[in-house]
Amino acid sequence: MSNSSIVALIDVNNFYVSCERIFQPSLNQHPVIVLSNNDGCAISRSQEAKDLGIKMGEPYFKFKNLVKKHNIKVLSSNYTLYADMSARVMKLLAKFSPNQEIYSIDECFLNLTSFKKRNDMISYANEIKKTIKLCLGLPVCVGIGPTKTLAKLANHMAKKHENFNGICDFNSMPKDLQNIWMEHIDVSEVWGIGRNLSLKLHKMNVNSVMDLKKSNFKRMREQFSVVMERTIEELNGYPALELEEYFTPRKQIISSKSFGKSMTCLSSLQEALSTYIKNAWKKLREQNSLLQTITVYIKTNRFSMNTKQHRQSIQMNLTSPTDDIIVINKIALFLLGKIYRTGYKYHKVGIMLSGLSQKNENDQYDFFITKNIKNSKINDVYEKINKKWTDKIQIASAAGIKKEWKMKSENKSKNYTTNWNELCKAFAN
DNA sequence: CTATAACTCTCAA
DNA sequence: CTAACGTTGAGAGTTATAG
């Protein structure tokens with residue numbers, strides 16, 4: 001018992017909506033939602049909006065009448081703002097433990113084992129909560145347990161039940177009380193148990209968290225997978241998942257977006273693809289990687305019942321790794337041409353870079369990759385200019401004037417934290 | 001046959 | 001008026017393929 005670890009999961013409540021509310025306090029008592037790209041689906045909802053019955057991921061057009069009826073504030077997503085706020089949150093949280101795993105844009109794990117002698121984790125969690133509220137104006141919940149999965153579950157409880165006051169600690173909760181909670185929470189709330197798995201579990205009469213916790217993990221492993229086995233171990237307080245503290249380069253990089261409206265002509269698709277290639281390439285350079293495989297795919301709108309469907313992807317393996325945007329661009333556009341068919345209303349195009357490896361100046365093969373020194377210089381210059389004056393120059397094929405494919409984003413807030421001009425504009429009137 | 005590549009499915013935020 | 005439904009990443013398991 002004494003050597004068991006203490007893991008906390010800190011998660012910002014309704015993150016995107018909460019970010020918007022900082023800069024528009026008038027939204028505070030109001031039902032608010034933030035939409036996904038293209039103003040497609042609800043991806044963040046204030047408590048008031050949840051209470052009105054708007055579901056996570058629900059398409060906008062399906063609840064437009066509710067929006068009108070209750071005067072719900074609808075915002076397009078502003079990822080620049082959220083990313084910046086996220087960085088601030090994580091920086092603050094890092095002060096509370098030397099061991100932090102940033103798990104997603106709005107949540108992180110902290111290992112608090114070394115603070116065990118404080119013996120009052122709840123008050124420590126309260127400090128965390130107060131700090132984030134005071135410094136950034138964001139509400140968070142803290143869940144604590146002996147494993148990551150239990151910390152997640154505790155966080156869920158802290159969010160759902162007001163009497164926890166935003167903090168739930170399994171470690172300090174009597175065993176019989178823990179059991180009661182687990183018997184009353186549906187198994188689908190467990191981290192890693194998604195739609196399909198919970199359906200299967202329910203069929204086997206494994207309904208509550210407790211049912212899963214008590215189940216025979218060996219049999220469950222046979223019927224499901226090693227992931228399920230780990231989940232069960234974690235529910236029982238035996239850590240099966242490590243805290244992943246260190247930066248690891250992505251193993252694949254995807255850039256892909258749905259269009260504002262569907263398109264049939266190849267040149268528009270090429271234009272869009274070139275822009276996505278540039279996004280992917282930027283990420284590739286940021287993590288100092290080289291790629292070996294390029295995948296391009298196109299899709300028609302799968303929800304559109306009356307149009308002919310076409311979905312296809314195509315892949316090419318390069319003979320040697322590269323990070324040359326001119327090469328990537330050339331190949332990707334060539335691949336697009338291969339799979340493109342006339343007469344289809346395309347809705348999405350995307351690129352995936354995979355087979356990534358880290359660039360190493362000393363590697364022999366580096367000599368062969370950069371045999372085109374001119375290209376390599378062009379890449380560097382291109383990168384520098386675009387960093388200095390955000391995206392002022394472009395590869396010709398991306399420089400479309402029409403940008404027909406551009407996303408819909410009808411009600412985006414200003415970049416309050418990263419752009420002085422926008423900040424001034426936002427509060428000018 | 002095995003080892004690996006390629007592809008599919010699932011989950012998460 | 002109509003039609004309108006996100007993106008990115010990871011990992012495990014399965015199937016196809018090369019040698």
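Chain letters run A, B, ... following the sequence lines, proteins first, then strands; residues in each count from 1.
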Ignoring hydrogens and geometry, is there a side-chain-to-backbone donor-acceptor pair from K129(A) to N165(A) under 3.5 Å? yes
Just the rounded figure in Å: distance from C1' of dC5(C) to CZ of F63(A). 11 Å
Taking only the side-chain nitrogens and oxygens of K348(A), find out if one of them lies under 4.0 Å from OP1 or OP2 of dT7(C). yes
Is a donor from one side chain sitting under 3.5 angstrom from an acceptor on the other, for S304(A) and N306(A)? no
Nucleotides 8-13 of chain B: protein proximity per nucleotide (B base, S sugar-phosphate only, - neither; heavy atom, under 4.0 Å): --SSSS
How many Å lie between NZ on K299(A) and C1' on dT8(C), as a whole number? 12 Å
Please report the interatomic distance NZ(K412(A)) to CG(N415(A)), rounded to the nearest 0.5 Å. 5.5 Å
May I ask you to check whether H161(A) and W181(A) place their ring centers less than 6.0 Å from one another? yes
For a quick check of understanding: with a heavy-atom distance under 4.0 Å over all strands, which category does S77(A) fall into, base, sugar-phosphate or nothing? nothing
Give a yes/no on whether any side-chain N or O of N38(A) is located under 4.0 angstrom from OP1 or OP2 of dC5(C). no
Below 4.0 Å: OP1/OP2 of dG11(C) and any side-chain N or O of K251(A): yes
So, is Q315(A) near the phosphate of dA5(B), with a side-chain N or O under 4.0 Å from OP1 or OP2? no
Contact class for N301(A) vs. all strands (heavy atom < 4.0 Å): base, sugar-phosphate, or nothing? sugar-phosphate
dA4(C) phosphate, OP1 or OP2, under 4.0 Å from K408(A) side-chain N/O: no
Quick one: sort the Y276(A) and F259(A) rings into parallel, tilted or perpendicular, breaks at 30° and 60°. parallel
Could you tell me whether the phosphate oxygens of dT7(C), OP1 or OP2, come under 4.0 Å of any side-chain nitrogen or oxygen in S255(A)? no
Output the rounded distance in Å from CG (N78(A)) to P (dG6(C)). 19 Å
From CD of E242(A) over to P of dG11(C), roughly how many Å is that when rounded to an integer? 14 Å
Would you please confirm or rule out a distance under 4.0 Å between OP1 or OP2 of dA10(C) and any side-chain N or O of R250(A)? yes
Distance below 4.0 Å between R230(A) side-chain N/O and dG11(C) OP1 or OP2: no
OP1 or OP2 of dA12(C) versus the side-chain N and O atoms of S225(A): is any pair under 4.0 Å? no
For the pair Y16(A) and Y79(A), name the ring-plane relationship: parallel under 30°, tilted 30 to 60°, perpendicular over 60°. perpendicular
Under-4.0 Å side-chain N/O to phosphate OP1/OP2 contact, N317(A) with dA6(B): yes
If you measure from the Lys or Arg side-chain nitrogens to the Asp or Glu carboxylate oxygens, is any gap between K152(A) and E107(A) under 4.0 Å? yes
If you look at every strand shown and take non-hydrogen atoms under 4.0 Å, does K257(A) touch a base, only sugar-phosphate, or nothing? sugar-phosphate
